[in-house]
Amino acid sequence: MTPLPSSKQPFSSALEQRAGALRDEVFGPEVFVRGVIEVSNFCRQNCDYCGMRRDNRGLKRFRLELDALRELVRSGLPEVITDLNLQAGEDTVAVREIVLPLIETIREETNLGISVCLGTLDHKLYDELRDAGASYYILKVETGNRDHYREVHAPGTFDQRLAAIRYLAETGWSVSSGFIAGLPGQTHAHIEETLELLGNLPLAGASVSPFIAGEQTPFAGKPSADFETTMECIARLRLRNPTYVIPAVSALNLVSEGGYVRALRAGANLATINLTPPSNRGDYLLYKRDRFIMREQSVTTAIEQAGCTISTISLTEMLRQRKAQAAPTHAPEAQTVGALRS
């Protein structure tokens with residue numbers, strides 16, 4: 001897809017350079033590379049900003065076949081991937097019938113870290129996913145303002161979302177959240193409120209995604225996010241939260257050519273290769289059908305262009321080491337986060 005025109009060239013601002021330098025200080029210039037498999041586009045929620053909302057009757061729904069996914073995991077993964085993220089709409093059938101057994105296969109047959117992005121579930125299902133072998137849960141707030149959350153029909157209620165994040169963190173998960181920059185109805189005060197919230201929640205990471213109007217949503221025709229504002233949010237997220245894992249999201253390339261590379265320069269340190277079968281990608285409708293798909297070559301090229309390198313340690317192993325270092329110790333001094341690079 002041709003990116004939308006940008007008013008500025010994709011060169012980092014001073015703010016972004018500071019954020020990138022802070023990432024290098026804490027993590028080094030390494031970027032974690034994960035693969036994502038979009039397991040199902042069924043969803044019980046009805047968010048105004050998402051094409052997979054339950055009221056979208058024009059969407060061809062799918063659940064991927066478990067056996068085919070097992071074969072993909074066993075033989076079809078790029079070598080640069082150290083983690084796998086299993087993602088779906090809010091679909092408990094897919095979680096039980098596909099995700100849980102697939103996690104067990106990944107745990108038993110690979111050394112890959114396992115993350116999931118499956119929405120708000122009941123506590124028992126969170127526990128089952130963790131016990132099966134997943135350790136990183138992605139649960140975005142999308143907006144940090146309670147009234148705005150309700151207005152865009154984000155999942156459940158704002159308080160339920162925050163309670164879920166806290167429960168996950170309390171029960172051993174590393175948790176990532178995030179928000180949508182440029183979401184209709186969003187104000188500068190909302191952005192400040194959201195950045196403040198993301199800094200106060202018990203998180204290991206967070207993301208900033210630019211709003212892109214979905215053609216099959218109530219927000220069809222709304223303007224896309226301002227790219228410069230989105231980049232400022234990414235940089236400020238890093239500067240406020242030095243130890244967070246911050247992904248560069250593929251949608252950045254839809255709002256500005258070179259947007260993905262610039263996010264890496266501005267402190268992002270996680271890249272994602274899309275592994276969803278091509279026949280299903282168009283129906284995983286986060287925004288527009290014509291998505292910007294990051295494949296292995298495009299990811300590795302972007303990392304190189306940003307002056308970064310590919311991490312050889314998995315995201316989940318890094319977080320395990322961090323937790324071990326943070327555990328009570330009789331040593332006179334605790335190790336620093338920067339020691340994770342050694």
Side-chain angles (χ1 to χ4, degrees), residues 13 15-16 18-19 22-23 45 47-50 53 90 117 119-120 136-169 173-214 217-219 222-252 254-256 259 262-263 266-270 286-287:
S13 68
L15 182 73
E16 294 162 30
R18 287 192 358 243
L22 181 59
R23 184 270 318 280
Q45 300 293 347
C47 308
D48 286 349
Y49 47 83
C50 182
R53 62 199 311 269
E90 213 161 284
C117 182
T120 308
Y136 193 77
Y137 204 103
I138 302 164
L139 193 63
K140 299 180 183 180
V141 295
E142 309 299 19
T143 174
N145 178 271
R146 181 177 280 98
D147 293 336
H148 191 214
Y149 191 96
R150 183 181 63 253
E151 289 165 5
V152 299
H153 297 105
T157 70
F158 185 72
D159 289 332
Q160 287 170 346
R161 200 72 159 182
L162 299 188
I165 289 172
R166 293 187 175 105
Y167 176 80
L168 288 161
W173 289 90
S174 296
V175 187
S176 179
S177 192
F179 74 105
I180 302 172
L183 192 62
Q186 185 180 77
T187 66
H188 290 296
H190 290 166
I191 291 175
E192 296 301 321
E193 193 174 359
T194 304
L195 288 170
E196 181 73 17
L197 175 66
L198 292 175
N200 290 331
L201 286 170
L203 300 176
S207 65
V208 181
S209 300
F211 171 75
I212 298 173
T217 72
F219 288 154
K222 296 286 187 180
S224 295
D226 177 74
F227 176 66
E228 295 302 325
T229 299
T230 306
M231 289 305 308
E232 180 181 343
C233 288
I234 293 171
R236 291 182 63 201
L237 182 65
R238 169 59 68 203
L239 290 169
R240 294 172 69 117
N241 307 283
T243 65
Y244 277 14
V245 175
I246 299 177
V249 300
S250 60
L252 289 164
L254 294 180
V255 292
S256 177
R262 187 162 157 186
N269 62 334
L270 174 61
L286 294 174
Y287 31 88

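Side-chain atoms are counted along with the backbone in the values below, which use heavy atoms only and exclude waters and symmetry mates. Starting from 1, each residue takes its place in the sequence as its number.
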Carefully, step by step, assess Arg240 and Glu196 under the rule salt bridge (Lys or Arg N to Asp or Glu O under 4.0 Å).
CA-CA 9 Å; Arg240 294 172 69 117; Glu196 181 73 17; 2.6 Å; yes
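Taking both residues in full, the closest heavy atoms of Asn241 and Leu198 are given as OD1-O, 4.3 Å, listed atom of the first, atom of the second, then distance. For the residue pair Ser224 and Val255, the shortest heavy atom distance occurs at CB-CG1, 4.2 Å. Residue Gln45 comes nearest to Gly156 through the heavy atom pair OE1-N, 3.6 Å, listed as atom of the first residue, atom of the second, then distance. Nearest approach of Cys47 to Ala154, heavy atoms of both residues: SG-CA, 4.0 Å. Taking all atoms of both residues into account, the shortest heavy-atom contact from Ser174 to Ala204 is CB-CB, 4.0 Å. Val208 and Cys233 get closest at one heavy-atom pair: CG1-CB, 3.9 Å.
Taking CD1 from Ile212 and CG from Leu254, the interatomic distance works out to 4.0 Å, rounded to the nearest 0.5 Å. A distance of 9.5 Å separates CG of Leu22 from CZ of Arg18, quoted to the nearest 0.5 Å. Between the OG atom in Ser176 and the CG atom in Leu168 there is a gap of 11.5 Å [rounded to 0.5 Å]. The CG atom of Leu139 lies 5.0 Å from the CD1 atom of Ile165; values are rounded to the nearest 0.5 Å. Note that CG of Leu203 and OG1 of Thr243 are 10.0 Å apart. Values are rounded to the nearest 0.5 Å. Between Met231 atom CE and Arg262 atom CZ the span is 5.0 Å, to the nearest 0.5 Å.
When side chains are defined from C-beta on, Pro210 counts as touching Leu252, because their heavy atoms get closer than 4.5 Å. No side-chain heavy atom of Ser207 sits less than 4.5 Å from a side-chain heavy atom of Ile234. Proximity of Leu162 to Val141: side-chain heavy atoms (C-beta onward) are separated by under 4.5 Å at one or more points. Here the side chains of Leu239 and Leu15 are in contact, with some heavy-atom distance below 4.5 Å. Val175 places none of its side-chain heavy atoms less than 4.5 Å from the side chain of Tyr167. Tyr244 places none of its side-chain heavy atoms less than 4.5 Å from the side chain of Asn269. For the pair Phe179/Ser209, no side-chain contact is recorded, criterion being any heavy-atom separation below 4.5 Å from C-beta on.
Between the side chain of Thr187 and the backbone N or O of His190, at least one donor-acceptor pair lies under 3.5 Å. With hydrogens and angles disregarded, a donor-acceptor distance shorter than 3.5 Å links the side chain of Glu90 to the backbone of Thr120. Under the 3.5 Å distance criterion, the side-chain polar atoms of Asn145 are matched with a main-chain donor or acceptor of His148. Remark: side-chain polar atoms of Tyr49 are not paired, donor with acceptor, to backbone N or O of Thr217 under 3.5 angstrom. Side chain of Tyr149 to backbone of Asp159: no donor-acceptor contact under 3.5 angstrom is found. At least one donor-acceptor pair under 3.5 Å links the side chain of Gln186 to the backbone N or O of Ile180. With hydrogens and angles disregarded, a donor-acceptor distance shorter than 3.5 Å links the side chain of Arg161 to the backbone of Lys140. With Arg238 contributing its side chain and Gly267 its backbone, the two residues share a donor-acceptor pair below 3.5 Å.
Listed by first and then second residue, the salt bridge (charged side-chain N to carboxylate O under 4.0 Å, His left out) pairs that reach into residues 179-189 come to none, sequence neighbours excluded.
The side chain to side chain donor-acceptor pair (under 3.5 Å) test applied to Ser177 returns no partner, not counting sequence neighbours. In this structure, the ring-ring contact (aromatic ring centres under 6.0 Å, His included) partners of Tyr137, at least two apart in sequence or on a different chain, are Tyr126, Trp173. Partners of Thr230 by side chain to side chain donor-acceptor pair (under 3.5 Å), not counting sequence neighbours: none found. Partners of Glu192 by side chain to side chain donor-acceptor pair (under 3.5 Å), not counting sequence neighbours, listed by chain and number: Arg236. In terms of the side chain to side chain donor-acceptor pair (under 3.5 Å) criterion, residue partners of Asp48 (sequence neighbours excluded) are, by chain and number, Arg53, His153.
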